[in-house]
Colleague: 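Before I ask anything, here is the structure I am working with.
A note on names: the letters A, B, ... follow the listed sequences, proteins ahead of strands, and every chain is numbered from 1. Nothing here was measured: the structure is a model prediction, and the numbers come from that model.
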There are 2 protein chains.
Amino acid sequence: MTEVKPMRADARRNYERLLKAAAEAFAEHGEGASLDDIAKRAGVGSGTLYRHFPTRQALLEAAYIDRVEALAARADDLAGELPPGEALVEWLNELSAGMIQVRGLKALLGSAVTDGSNAVVTACGVSVKGAAGRLVEAAQREGTLRGDVEPIEILRLAHGVATASELTDGEGKFIRRYLSLLTEGLRP
Amino acid sequence: MTEVKPMRADARRNYERLLKAAAEAFAEHGEGASLDDIAKRAGVGSGTLYRHFPTRQALLEAAYIDRVEALAARADDLAGELPPGEALVEWLNELSAGMIQVRGLKALLGSAVTDGSNAVVTACGVSVKGAAGRLVEAAQREGTLRGDVEPIEILRLAHGVATASELTDGEGKFIRRYLSLLTEGLRP
DNA sequence: GACTAAGCGGAGACAGTCCCCGTTTATCGC
DNA sequence: GCGATAAACGGGGACTGTCTCCGCTTAGTC
């Protein structure tokens, strides 16, 4: 199914350049960075950018896929180091921190866990959902996480925690606080 | 302090018209509605719009202030009808639902509870924080809410719940679900 | 070296924001 | 009523960003 038509050399070169420029620009100006500016930085015309990446979302995903996969891999590291319940919380902490510190990542992960009926299956979505699934299942088996929550709900809640934390200070200092309110509940 | 310089009749008229047009436009196109279009709907020039409302935020606030105050008043109604803990949860539910259903309200309330050092004290912020403060205090006194949470934290968490719920279905169907996960915690 | 299609790139149409400043008009003292 | 005058109007225009179209260039192939 996956047609493997080798890209022409110039196309591949421009693709790489665009990715590099995009990562810089998103880091610098957030997810709203000017696309024409990214093309300019990469030394290509804007047509070239739009041909390779039809939407901002596509570019964002391509630029950050490595980082997202690192985050997913981190889930398995943590699972090896800590008991399941703690591994899950620690991972959610790192995930939320990433969403706040890496500009643009929050939007990307948000759309990866959005229930669009137009559900484009994104590589980022697959990675992150897989990682969450493994941690959630282990924690539930261990008995430290209620059995009726779905992995994707946990991801959405992490997004919510990142949002709440962002409102608080724009850095990530309050993530642990909100995460612990979530895990322990609001009752005394 | 509050200089009460009565507006000129034409100024007042245009102000009202803009508010009405803005409410329509925000409802129709979300918080990103075109400001020039709002001016056009109101039958005034864009200069007039920008004079009355220097920023999109200012217009958004003016257009929705009634609704926010209704929400704040609702807090006190609920406090009269239900025990404090339940009143709080029910209010948070209605608040979050409003953020999702009324396009633009989420952004407005978000900036009202953001800790900007450039903290503009907004009327919306005052209303909503006051209402939250009363409910939180009552629930804490009753002993159904942990004593170490601040009203503003609760508001930020509600924002997070609305965000998570929005990712789930774009309507408000999952607010109660996430709210109950938050109040009860994620442990079994 | 010549052919050809894949790929390039930037001009330009369009949409939005926001300011500037010449013109209009509500208000007030007479 | 009737100017005088400062407040308010409004739309033209500069600017920024998105995205497409199509004539030109060039990599890959024989």
Side-chain angles (χ1 to χ4, degrees), chain A residues 2-64 103-104 107-108 111 118 120, chain B residues 2-64 103-104 107-108 111 118 120:
Chain A
T2 24
E3 297 286 329
V4 206
K5 33 188 169 182
M7 255 172 161
R8 235 172 70 168
D10 53 349
R12 160 130 248 117
R13 196 181 58 238
N14 284 334
Y15 183 93
E16 305 287 5
R17 281 188 187 168
L18 280 166
L19 235 41
K20 193 154 157 263
E24 276 176 33
F26 285 137
E28 205 166 306
H29 301 115
E31 74 215 80
S34 156
L35 297 182
D36 274 24
D37 175 62
I38 290 176
K40 204 161 288 171
R41 286 188 195 222
V44 307
S46 51
T48 302
L49 184 153
Y50 287 101
R51 192 166 340 94
H52 284 297
F53 308 100
T55 65
R56 174 182 297 275
Q57 208 50 223
L59 179 55
L60 201 51
E61 166 144 6
Y64 280 141
R103 309 188 58 173
L108 174 58
S111 73
N118 50 355
V120 185
Chain B
T2 25
E3 298 286 331
V4 205
K5 31 185 170 185
M7 255 172 162
R8 232 171 73 168
D10 52 349
R12 162 131 245 116
R13 197 181 57 238
N14 284 334
Y15 184 92
E16 306 287 5
R17 281 187 188 168
L18 280 167
L19 235 42
K20 193 154 158 264
E24 275 175 33
F26 285 135
E28 206 166 306
H29 301 115
E31 75 214 80
S34 156
L35 297 182
D36 274 23
D37 175 60
I38 290 176
K40 205 161 288 171
R41 286 188 195 221
V44 308
S46 50
T48 302
L49 185 153
Y50 288 101
R51 189 162 346 92
H52 283 297
F53 307 100
T55 65
R56 176 182 296 276
Q57 207 51 225
L59 179 55
L60 200 52
E61 166 145 5
Y64 280 142
R103 308 190 59 173
L108 174 58
S111 72
N118 50 356
V120 185

Colleague: Using the salt bridge (Lys or Arg N to Asp or Glu O under 4.0 Å) rule, take B:D37 and B:R41 through it: C-alpha gap first, then chi angles, then the decisive distance, then the call.
Modeller: CA-CA 6 Å; B:D37 175 60; B:R41 286 188 195 221; 3.3 Å; yes
Colleague: For the pair made of CG in B:N14 and P in D:dG11, what is the distance, rounded to whole Å?
Modeller: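 B:N14 atom CG is separated from D:dG11 atom P by 12 Å.
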Colleague: Whether B:K20 and B:E16 form a salt bridge (side-chain N of Lys/Arg under 4.0 Å from carboxylate O of Asp/Glu) is what I want to check.
Modeller: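 Salt bridge: no.
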Colleague: Please walk me through it: do A:E31 and A:Y64 pass side-chain contact (heavy atoms from CB on, under 4.5 Å)?
Modeller: CA-CA 11 Å; A:E31 74 215 80; A:Y64 280 141; over 6 Å; no
Colleague: Nearest nucleotide by nearest heavy atom, which residue falls closer to the 5' end of DNA chain D, B:H52 or A:G32?
Modeller: B:H52
Colleague: Which letters describe nucleotides 19-30 of chain D, given B = protein heavy atom under 4.0 Å from base, S = only from sugar-phosphate, - = neither?
Modeller: BB-----BSS--
Colleague: To the nearest 0.5 angstrom, please state how far the OG1 atom of A:T55 sits from the CD atom of A:E61.
Modeller: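 Here the interatomic distance stands at 9.0 Å.
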Colleague: Find the distance B:F53:CZ to D:dA8:P and express it as a whole number of Å.
Modeller: 13 Å
Colleague: Just verifying a value: how many Å separate A:R56 CZ and A:L49 CG, rounded to the nearest 0.5 Å?
Modeller: 9.5 Å
Colleague: Need to verify one output field. Residue with the more 5' nearest nucleotide on DNA chain C, A:V44 or B:T48?
Modeller: A:V44
Colleague: Name all residues meeting the side-chain contact (heavy atoms from CB on, under 4.5 Å) criterion together with A:F53; count only those two or more places apart in sequence or in a different chain, and write none if there are none.
Modeller: A:Y15, A:L18, A:L19, A:A58, A:L59, A:A62
Colleague: Might you point out which heavy atoms bring B:A25 and B:A33 nearest each other, and give the distance in Å?
Modeller: O-CB, 3.7 Å
Colleague: Is a side-chain donor or acceptor of B:R12 paired with a backbone partner of B:P6 at a separation under 3.5 angstrom?
Modeller: no
Colleague: What is the first contacted nucleotide of DNA chain C and what is the last, in 5' to 3' order, if contact means an atom lying under 4.0 angstrom from a heavy atom of chain A?
Modeller: C:dA6 to C:dA11
